[in-house]
Participant: 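Okay, handing you the structure first.
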Amino acid sequence: VPVFLDFGATWCKNCTYNKKRVLHTEKIMQAFAEKGVTLVYGDFTKQDPEILAWIQKYGGAGVPFDRLYLKDQDPVRFNEIISDKDIYEALELIK
């Protein structure tokens, strides 16, 4: 099962933008459903040390931290600001 991991925080403007303008829009949620992608959100608002350890372990410095995990492939990394195009291109990697 492909998993889109989104770590964000309420105080993070880029996180809020990504969530409201891209990730949780009807068209992206539909694209995730069509490709069988599970969207997982980790709330870093209170700067949870376990989430920070995960972020740092996998090459991030903070939030937003967004990755698409696919079977037998390296995770797809996203920039701080995500576009619909970024998501659609990543979803094309799903066989």
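Scope of the values below: all heavy atoms of this structure, side chains included, with no hydrogens, waters or symmetry mates. Position 1 is the first residue of the sequence, and the numbers go up from there.
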Participant: Once rounded to the nearest 0.5 Å, what's the spacing between atom CG of L39 and atom CE of M29?
Facilitator: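 Reported to 0.5 Å precision, the distance equals 5.5 Å.
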
Participant: Nearest heavy-atom pair of G36 and V1: which atoms, and what distance?
Facilitator: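 Reported closest heavy-atom pair: O-CG1, 3.7 Å.
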
Participant: Side chains of W54 and F44, heavy atoms from C-beta outward: is any pair under 4.5 Å?
Facilitator: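 W54 vs F44: side chains apart.
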
Participant: Using modelled atom types and a 3.5 Å cut-off, is there a donor and acceptor pairing between side-chain atoms of N18 and backbone atoms of C15?
Facilitator: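 Not at all, since once roles are kept as given, no pair shorter than 3.5 Å links the two residues.
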
Participant: May I ask you to decide if the ring planes of F4 and F78 are parallel, tilted or perpendicular, using 30° and 60° as cut-offs?
Facilitator: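 Rings of F4 and F78: tilted, as their planes differ by 30° to 60°.
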
Participant: Strictly by modelled atom types, are Q30 and E26 linked by a side-chain donor-acceptor pair under 3.5 Å?
Facilitator: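 On atom types as modelled, these side chains do not qualify, holding no pair under 3.5 Å.
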
Participant: Is there a path of hydrophobic side-chain contacts, each under 4.5 Å between heavy atoms of I, L, V, M, F, W or Y residues, that connects I28 with F65?
Facilitator: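 No: no chain of side-chain contacts under 4.5 Å links I28 to F65.
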
Participant: Once you round to the nearest 0.5 Å, how far does CZ of R21 lie from CG of N14?
Facilitator: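 R21 atom CZ to N14 atom CG measures 13.0 Å (nearest 0.5 Å).
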
Participant: Please confirm whether K19 makes a cation-pi placement over Y41, using NZ or CZ under 6.0 Å from the six-membered ring centre and within 45° of the ring normal.
Facilitator: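 Yes, a cation-pi geometry.
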
Participant: Can you give me the closest heavy-atom contact between P2 and K35, atom names plus distance?
Facilitator: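 Reported closest heavy-atom pair: CG-O, 3.9 Å.
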
Participant: Look up atom CG in D6 and atom NE2 in H24, then write down how far apart they are to the nearest 0.5 Å.
Facilitator: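 Separation between the atoms: 6.0 Å.
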
Participant: Looking only at non-hydrogen atoms, find the nearest pair between L91 and A31 and report the distance.
Facilitator: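 Looks like CD1-CB, 3.7 Å.
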
Participant: Please answer: with hydrophobic residues joined when any side-chain heavy atoms are less than 4.5 Å apart, are V76 and I94 in the same cluster?
Facilitator: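 Yes, same cluster.
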
Participant: Using the rule given for side-chain contact (heavy atoms from CB on, under 4.5 Å), can you reason through W11 versus V63, listing the C-alpha separation, both sets of side-chain angles and the distance that settles it, and then say yes or no?
Facilitator: CA-CA 10 Å; W11 44 260; V63 292; 3.9 Å; yes

Participant: Taking all heavy atoms of V37 and all of V3, pick out the closest pair and write down the distance.
Facilitator: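 The pair with the smallest heavy-atom distance is CG1-C, 4.4 Å.
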
Participant: Quick check: is V40 connected to L52 through a chain of hydrophobic side chains (ILVMFWY, heavy atoms under 4.5 Å apart)?
Facilitator: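 The answer is yes; both residues are in one hydrophobic cluster.
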
Participant: Between OG1 of T45 and CZ of F7, what distance do you get to the nearest 0.5 Å?
Facilitator: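 So the OG1 of T45 and the CZ of F7 are separated by 12.5 Å.
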
Participant: Once rounded to the nearest 0.5 Å, what's the spacing between atom CG of L68 and atom CD of E89?
Facilitator: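 Interatomic distance, L68 CG to E89 CD, rounded to 0.5 Å: 12.5 Å.
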
Participant: In Å and rounded to the nearest 0.5 Å, what is the CD1 to CG distance from I87 to D66?
Facilitator: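 One finds 7.5 Å between CD1 of I87 and CG of D66.
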
Participant: Shared ILVMFWY cluster between L5 and L23, side chains joined below 4.5 angstrom?
Facilitator: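 L5 does not cluster with L23.
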
Participant: Do you know the tightest heavy-atom contact between P64 and E80?
Facilitator: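 The answer is CG-O, 3.3 Å.
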
Participant: Hey, is CG on D84 packed in by over 12 heavy atoms from elsewhere, all under 6.0 Å?
Facilitator: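 It does: D84 CG has more than 12 such atoms within range.
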
Participant: Does D43 offer a backbone N or O that forms a donor-acceptor pair with the side chain of D48 under 3.5 Å?
Facilitator: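 Answer holds: no.
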
Participant: Side-chain contact, heavy-atom cut-off 4.5 Å: I82 with Y17?
Facilitator: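 A side-chain contact under 4.5 Å is absent here.
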
